[in-house]
Colleague: 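Here's a structure for you.
Naming convention: chains lettered A, B, ... in sequence-line order (proteins, then strands); numbering from 1 in each chain. Quick caveat: nothing in here was measured; it's all calculated off a predicted structure.
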2 protein chains.
Amino acid sequence: MTDRVGGVARRKRPTMRDVAREAGVALRTVSRVVNDDPTVGAHLVSRVQAAISALDYAPDERARQLRRGTSGTVGAAVRNLADAHPVLSAVDDASRARGLAVLAMSTEDDEAREREAVLSMCRRRVDGIVIEPIGLTHDYLAPEIAAGLPVVAVDRPCAGVSADAVLSDNAAGIGMAYRQLSVHGHRRIAYIGDDERIFTGRERAAAFRACVAASGGPLSGMVFPGVVTASRVSTALAAVLSGPAPATALITGNVATTIEALRYLGADAGRLAVVGFDDFPLADILRPALTVVAQNSAVIGRTAIDLLVARAADPSRPVQTVTVPVELIARGSGELPAPPA
Amino acid sequence: MTDRVGGVARRKRPTMRDVAREAGVALRTVSRVVNDDPTVGAHLVSRVQAAISALDYAPDERARQLRRGTSGTVGAAVRNLADAHPVLSAVDDASRARGLAVLAMSTEDDEAREREAVLSMCRRRVDGIVIEPIGLTHDYLAPEIAAGLPVVAVDRPCAGVSADAVLSDNAAGIGMAYRQLSVHGHRRIAYIGDDERIFTGRERAAAFRACVAASGGPLSGMVFPGVVTASRVSTALAAVLSGPAPATALITGNVATTIEALRYLGADAGRLAVVGFDDFPLADILRPALTVVAQNSAVIGRTAIDLLVARAADPSRPVQTVTVPVELIARGSGELPAPPA
DNA sequence: TGCTTCCGAGATAACGTTATCCCACGCTGA
DNA sequence: TCAGCGTGGGATAACGTTATCTCGGAAGCA
């Protein structure tokens with residue numbers, strides 16, 4: 001049983017049929033052995049297993065999935081594959097624990113690419129999708145959800161369709177950051193963060209404004225939401241640090257902003273108290289080590305898979321949004337005292 | 001056409017059959033339209049497309065793959081999904097450019113898990129596998145490779161089977177690091193790196209020893225290969241920095257070692273000149289900013305997919321190992337001058 | 001011994017596609 | 001007018017599994 005490809009004799013993959021012939025049993029019996037069906041006699045089992053290893057047979061997962069109607073795979077559409085992605089890792093772990101494989105695709109913060117990735121997952125008939133939504137609307141998912149596809153949004157909710165979601169407690173996190181800086185004597189605190197068209201950017205900026213209003217601090221010239229680019233962050237930071245009454249402390253709304261801010265501050269990092277939203281590896285070896293509001297990625301990933309499995313089991317359950325607590329990790333940069341007025 | 005699952009009426013997915021019925025054409029005609037077969041009349045095309053969007057039909061990729069015999073997917077078994085992984089990202093990009101999807105799985109540096117991941121990919125009949133090998137032997141891949149599965153090793157070669165490989169120029173990289181430190185006056189240079197049972201650990205340690213031998217520097221008590229743990233790195237570092245003639249410069253053999261070393265050094269980082277093997281995000285905002293030997297992840301990933309596709313096209317082509325150049329990025333830590341003797 | 005019962009194992013029909021045939025139709029040329 | 005031919009489109013058989021149905025035979029009981 002060989003096949004000529006490119007001029008080379010190359011063995012074709014053995015199928016269940018070949019195993020059956022080799023073992024001298026019926027096709028169905030091989031299937032039973034492969035699926036650990038207990039209704040097969042012991043001697044047949046060993047004969048079939050011998051044939052399997054003799055032929056290096058491995059069942060074709062596609063055919064199995066096609067026949068069974070389920071794929072045993074969850075899709076994960078995440079923003080980025082190149083950078084650290086603790087949530088994806090947690091999703092991977094939780095899925096494996098349940099015997100599910102993960103098909104991860106990167107959306108690169110691009111709406112079209114997100115759509116393409118998600119639809120490709122649907123064509124592969126994944127059993128569910130975990131998505132870190134980018135697009136402003138996900139109505140193209142509506143028919144899929146209606147057809148019973150479990151979809152769980154992570155970090156931000158899906159707009160335009162009703163899907164389960166796992167979010168961090170953004171407001172509480174900003175509150176913790178603000179309080180920490182206040183406790184250390186800061187009154188003039190600035191915020192630079194993500195674009196308010198993005199859900200998290202909106203929530204965090206709003207929470208920050210609420211904190212300032214509650215504490216009676218200055219608001220004007222202190223809040224800078226927008227697209228995260230090196231130039232915008234440095235412009236904002238320059239504005240915040242200049243003038244007659246410069247800020248003495250800074251809250252950054254996401255990792256990208258934090259890093260751009262630190263890059264801009266360079267050796268002067270110790271001049272400004274900083275609390276970053278979201279932790280990242282190496283935050284502890286910076287000088288001063290960075291105080292952060294850390295999201296609980298492990299819990300977020302695990303919860304996402306829990307919700308996904310629950311919905312697969314009962315598609316009629318009410319749509320649920322889970323808010324995961326965040327944690328302030330004090331490492332030094334947020335505990336720098338305010339200079340005496 | 002509804003199906004009762006968990007007490008809820010849930011629409012079954014439409015199949016090509018349903019589309020054909022809706023459009024009043026034969027099954028095969030729908031298939032032709034879906035695959036852009038030009039031999040279909042324009043009015044039939046539009047009728048079929050109308051039916052497709054009316055029913056929200058999406059072809060079942062599994063059935064298509066089963067029938068065609070090809071899956072349009074490459075598997076990527078990488079060490080880690082949680083941390084930054086620029087090679088995986090490059091593999092993803094290069095694959096997408098060729099119309100291939102990527103099934104990424106994490107091996108977590110565990111031999112059993114690697115094996116499980118790779119075999120799972122085989123069962124899914126991926127068209128090829130990119131692997132960052134962990135296990136000491138990959139003989140379990142031999143039958144797959146014999147059956148024509150293209151396998152490309154990345155970062156390290158596969159032991160036990162002959163597969164294409166894409167490696168960084170480890171020896172040249174260590175040479176660059178050593179030379180940079182020498183140029184800045186260092187004579188007592190230490191090396192801490194990965195276990196020599198690991199290919200890269202072995203190559204880099206060997207290259208380091210060769211550099212020392214060539215320059216006539218001291219070797220004893222200066223080379224510390226081993227498993228990367230916080231305690232081992234700090235023990236090694238303490239040894240290197242103590243005694244009558246402590247090292248004035250350090251080369252670290254991989255990112256994990258670099259980070260542990262910096263963590264141990266803490267505020268004293270400026271006391272020791274450091275060059276790290278492999279770059280990582282944020283290396284530039286450390287103080288002093290970290291000089292590194294950077295691997296060219298983009299080229300590595302792209303080359304891996306190139307090799308994979310080439311082998312798929314011609315399984316008889318000779319097995320090839322590509323060595324990708326590395327680059328020294330001077331940021332400060334490697335340019336600290338040696339203290340006067 | 002003869003009948004029922006039960007259990008292990010084989011034939012066969014799906015699952016949703018694509019590929020191979022094959023036919024019906026319209027056009028051309030004699 | 002009819003044979004010949006090209007072309008668009010339909011029936012049908014795979015692809016490699018699993019589920020349903022059926023059947024042969026061994027064991028249990030009177």
Side-chain angles (χ1 to χ4, degrees), chain A residues 1 3 11-49 51-52 55-73 120 122-127 147, chain B residues 1 3 11-49 51-52 55-73 120 122-127 147:
Chain A
M1 180 71 69
D3 196 15
R11 229 180 14 187
K12 247 171 116 179
R13 258 180 190 293
T15 94
M16 215 169 235
R17 242 192 166 72
D18 300 322
V19 175
R21 195 181 320 114
E22 171 89 7
V25 299
L27 187 58
R28 186 67 183 93
T29 303
V30 179
S31 170
R32 278 194 258 257
V33 170
V34 167
N35 293 318
D36 292 323
D37 189 318
T39 74
V40 188
H43 67 289
L44 278 193
V45 170
S46 60
R47 230 166 75 202
V48 169
Q49 274 167 349
I52 287 178
L55 296 178
D56 285 316
Y57 167 74
D60 188 320
E61 195 60 32
R62 298 168 300 182
R64 183 194 290 239
Q65 288 174 14
L66 179 60
R67 181 59 239 235
R68 287 182 143 160
T70 172
S71 68
T73 307
S120 144
C122 292
R123 281 195 302 272
R124 283 161 191 271
R125 299 291 189 268
V126 294
D127 290 340
Chain B
M1 180 74 68
D3 197 16
R11 229 182 15 187
K12 247 172 115 177
R13 260 180 188 293
T15 95
M16 214 168 235
R17 240 191 168 74
D18 301 320
V19 176
R21 196 181 318 115
E22 172 88 6
V25 298
L27 188 59
R28 185 70 183 88
T29 304
V30 179
S31 170
R32 278 194 258 257
V33 170
V34 168
N35 294 322
D36 292 323
D37 189 318
T39 72
V40 188
H43 65 290
L44 277 193
V45 170
S46 60
R47 232 167 72 202
V48 168
Q49 274 166 349
I52 286 178
L55 296 179
D56 286 317
Y57 167 75
D60 188 321
E61 195 61 33
R62 297 168 300 181
R64 184 193 289 238
Q65 288 173 15
L66 180 60
R67 182 58 238 232
R68 286 183 144 160
T70 172
S71 68
T73 307
S120 145
C122 291
R123 281 195 302 272
R124 283 159 191 273
R125 300 292 189 266
V126 293
D127 290 340

Colleague: Looking at every strand, decide which applies to L27(A) at a 4.0 Å heavy-atom threshold: base, sugar-phosphate, or nothing.
Modeller: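 L27(A): base contact, heavy atoms under 4.0 Å.
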Colleague: Could you walk me through whether R13(A) and R125(B) pass side-chain contact (heavy atoms from CB on, under 4.5 Å), step by step?
Modeller: CA-CA 10 Å; R13(A) 258 180 190 293; R125(B) 300 292 189 266; 3.1 Å; yes
Colleague: Going by heavy atoms in the side chains, are V34(A) and I52(A) under 4.5 Å from each other?
Modeller: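 With C-beta onward as the side chain, the pair touches.
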Colleague: Heavy atoms from C-beta onward define the side chain here; which of dG16(C), dG9(D), dT20(C) lies closest to that of L66(B)?
Modeller: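 The listed nucleotide nearest to L66(B)'s side chain is dG16(C).
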Colleague: On DNA chain D, compare the nucleotides closest to N35(A) and P38(B); which residue's is nearer the 5' end?
Modeller: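 So the residue in question is P38(B).
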Colleague: Applying side-chain contact (heavy atoms from CB on, under 4.5 Å) to R64(B) and N35(B), what does each step give before you reach the verdict?
Modeller: CA-CA 11 Å; R64(B) 184 193 289 238; N35(B) 294 322; 3.2 Å; yes
Colleague: So, does S31(A) get its side chain near the phosphate of dT17(D), meaning an N or O under 4.0 Å from OP1 or OP2?
Modeller: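 No, because none of the side-chain N or O atoms of S31(A) sits under 4.0 Å from OP1 or OP2 of dT17(D).
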Colleague: Look at the side-chain N and O atoms of R64(B) and state whether any lies under 4.0 Å from the OP1 or OP2 oxygen of dT18(C).
Modeller: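 Yes.
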Colleague: Give a yes/no answer on whether the side chain of T39(B) brings an N or O atom under 4.0 Å of OP1 or OP2 in dT7(D).
Modeller: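 For dT7(D), neither OP1 nor OP2 has a side-chain N or O of T39(B) closer than 4.0 Å.
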Colleague: Would you mind reading off the distance between Q65(B) atom CD and dT18(C) atom C1', rounded to a whole angstrom?
Modeller: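 So the CD-C1' distance, Q65(B) to dT18(C), works out to 13 Å.
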Colleague: Could you state the atom-to-atom distance from CZ of R17(B) to C1' of dA11(D) in whole Å?
Modeller: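 After rounding, the gap between these two atoms is 12 Å.
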Colleague: For D60(A) and L66(B), what are the C-alpha separation, side-chain angles and deciding distance, and is it a side-chain contact (heavy atoms from CB on, under 4.5 Å)?
Modeller: CA-CA 9 Å; D60(A) 188 320; L66(B) 180 60; 4.1 Å; yes
Colleague: Of V40(B) and D60(A), whose closest DNA chain D nucleotide lies nearer the 5' terminus?
Modeller: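 With D60(A) and V40(B) compared, the 5'-side residue is V40(B).
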Colleague: Check if the side chain of R32(B) and the base of dG10(D) share a donor-acceptor pair of N or O atoms closer than 3.5 Å.
Modeller: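 Check passes, donor-acceptor contact within cut-off.
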Colleague: Would the base of dT18(C) count as contacting R67(B) through its side chain, where contact means a donor and an acceptor less than 3.5 Å apart?
Modeller: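 Counting by modelled atom types and ignoring angles, a donor-acceptor contact under 3.5 Å is found here.
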Colleague: For T29(B) and dG9(D), is the shortest distance between a side-chain N/O and OP1 or OP2 below 4.0 Å?
Modeller: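 No, outside the criterion.
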